[in-house]
2 protein chains.
Amino acid sequence: MILGFLAEGPMHGYELRRRMEQLHGYAHPVSFGTLYPAIARLAAAGFVRQESGPGTASARRITLHLTDAGRAELYERLRTAEGTDITDGQRFMVLLAFLSMLPDKAERDAVLRRRLEFLSQPASFFYEDGHPLKADDISDPYRRGILVSARATSRAERDWLTAMLTAGAKEPS
Amino acid sequence: MILGFLAEGPMHGYELRRRMEQLHGYAHPVSFGTLYPAIARLAAAGFVRQESGPGTASARRITLHLTDAGRAELYERLRTAEGTDITDGQRFMVLLAFLSMLPDKAERDAVLRRRLEFLSQPASFFYEDGHPLKADDISDPYRRGILVSARATSRAERDWLTAMLTAGAKEPS
DNA sequence: AGGCTAATGCATCGATTCGACATATAGCGA
DNA sequence: TCGCTATATGTCGAATCGATGCATTAGCCT
């Protein structure tokens, strides 16, 4: 997420955190204890350059810039996304937010296809003796609510993914 | 989640992890490095009792039981849920999965109302100069997809929450 | 019966993240 | 002037993650 936002232009850590918070829909903000060490690691790896602004002594302002190596790293991470980056909705949403930066359309489509594949395999949230329970089988109204909401979510995203993959389709699968 | 599943009956850690994985829709499994220390903490606090099963020597099987104090703790955590437990969709889903265990309907409704309130306040994922961007204003197709999916999710959950709160309503707000 | 593979089950380790706190400047209203 | 909020960078202990190790049990093929 840091590499992605910095690819849009230089900014400070604080501004970065505000955007991260917004991208997560204010549901789960990233803490400073996560953000600043993460910036430090990216800087140590040469992906981010830190430039001191005015007021260097007491109240320091540090502007963060993405390096060429950082941009390459961003592309690489978008391209090779797998595991929880695909299966976890929050993580995948972050991927989507910056996916358009990946130049190759075939590679972008491949990412979408991996997500669609995961969403297409039938999965419930409650099981009995190994087989999934349907909404009608569940008496607990709250658990039924989980299933109903999840179904709606999955359907909406699958429809959108399918539309995206068939729209400008050059390679018929 | 551990307290909730153990409230349904005793089981070992491995079985616990499988159910946690299912409840998350296989999107983000909980690692053993998280689970076993968490069990140990709950046991140290007196919320969980560990009983050694057969094969005590080499291949030990430890069955976990919820204590009375553990059940009280579960109720308390369901009752007083706030912050990311309400705003974060994954966390709230866990809450929902065990909410029916909470005896008092008014307290259960209060939890739902907190979630509904959060979902009702208008929030986008992308902003420009402080004000939220609508789907039509966003040219990036992937970001538009994020908004479209999120809208569908939010609408489905809000509809369900509203239905739940008005259905067996005894207290007209 | 023997051997291979997968699943079950408990546990630890280093790296990462979380949540709370510390610190300083700037602006604004009572 | 006092208090509150926003901006801005950071630290620290506790919790979590992801990978790995290791032993036992179950199923399956030949």
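Here is how names work: the chains are called A, B, and so on, in the same order as the sequence lines, proteins then strands, and each is numbered from 1.
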Quick test of your reading of the model: are B:E51 and B:R49 salt-bridged, counting only N-O distances below 4.0 Å? yes
Taking every non-hydrogen atom, the tightest pair across A:R144 and A:I138: NH1-O, 2.8 Å
Whole-Å gap separating P (D:dT16) and CG (A:D88): 16 Å
Please answer whether the main-chain N or O of A:V30 pairs with a side-chain N or O of A:R17 as donor and acceptor at a distance below 3.5 Å. yes
In whole Å, what is the span from the CE atom of B:M20 to the P atom of D:dG18? 14 Å
Given 3.5 Å as the limit, does a donor-acceptor pair link the side chain of A:T84 with the main chain of B:H28, or not? no
Aromatic plane relationship, A:F32 with A:Y14 - under 30° parallel, 30 to 60° tilted, over 60° perpendicular: parallel
Of the candidates D:dC17, D:dT16, C:dG19, the side chain of A:H28 sits closest to C:dG19
Round to a whole Å and report the spacing from CG of A:L35 to C1' of C:dT16. 13 Å
Please enumerate all protein N or O atoms sitting under 3.5 Å from an N or O of nucleotides 7-10 of chain D, with distances to 0.1 Å.
residue, atom, partner, partner atom, Å
D:dT7, OP1, A:R18, NH1, 3.4
D:dT9, OP1, A:I62, N, 3.1
D:dT9, OP1, A:I62, O, 3.0
D:dT9, OP2, A:G13, N, 3.1
D:dT9, OP2, A:Y14, N, 2.9
D:dT9, OP2, A:Y36, OH, 3.2
D:dG10, OP1, A:R60, NH1, 3.4
D:dG10, OP1, A:R60, NH2, 3.1

Closest-nucleotide 5' rank along DNA chain C - winner of B:T34 and B:T84: B:T34
Measure CZ/A:R91 against C1'/D:dC17 and give the value in whole Å, please. 9 Å
Double-helix bend of the helix from C:dA1-D:dT30 to C:dA30-D:dT1, axes at both ends from 5 pairs, round to 10°, gives 30°
Pair B:F92 + B:F118: ring centers closer than 6.0 Å: no
Nearest-angstrom distance from the residue atom CD1 of B:I39 to C1' of D:dA15: 15 Å
Rounded distance in Å - CZ (B:R17) to C1' (C:dA11): 13 Å
Judged by atom type as modelled, is there a donor-acceptor pair below 3.5 Å linking the side chain of A:T63 to the main-chain atoms of A:H12? no
Distance, rounded to the nearest Å, where B:L64 contributes CG and C:dA11 contributes C1': 14 Å
Using atom CE of A:M1 as one end and atom C1' of C:dT17 as the other, report the distance to the nearest whole Å. 13 Å
Counting only heavy atoms not in A:E117 (residues, nucleotides, ligands), do more than 12 fall under 6.0 Å from its CD? no
So does A:D68 have more than 12 non-hydrogen atoms from other groups sitting under 6.0 Å from CG? no
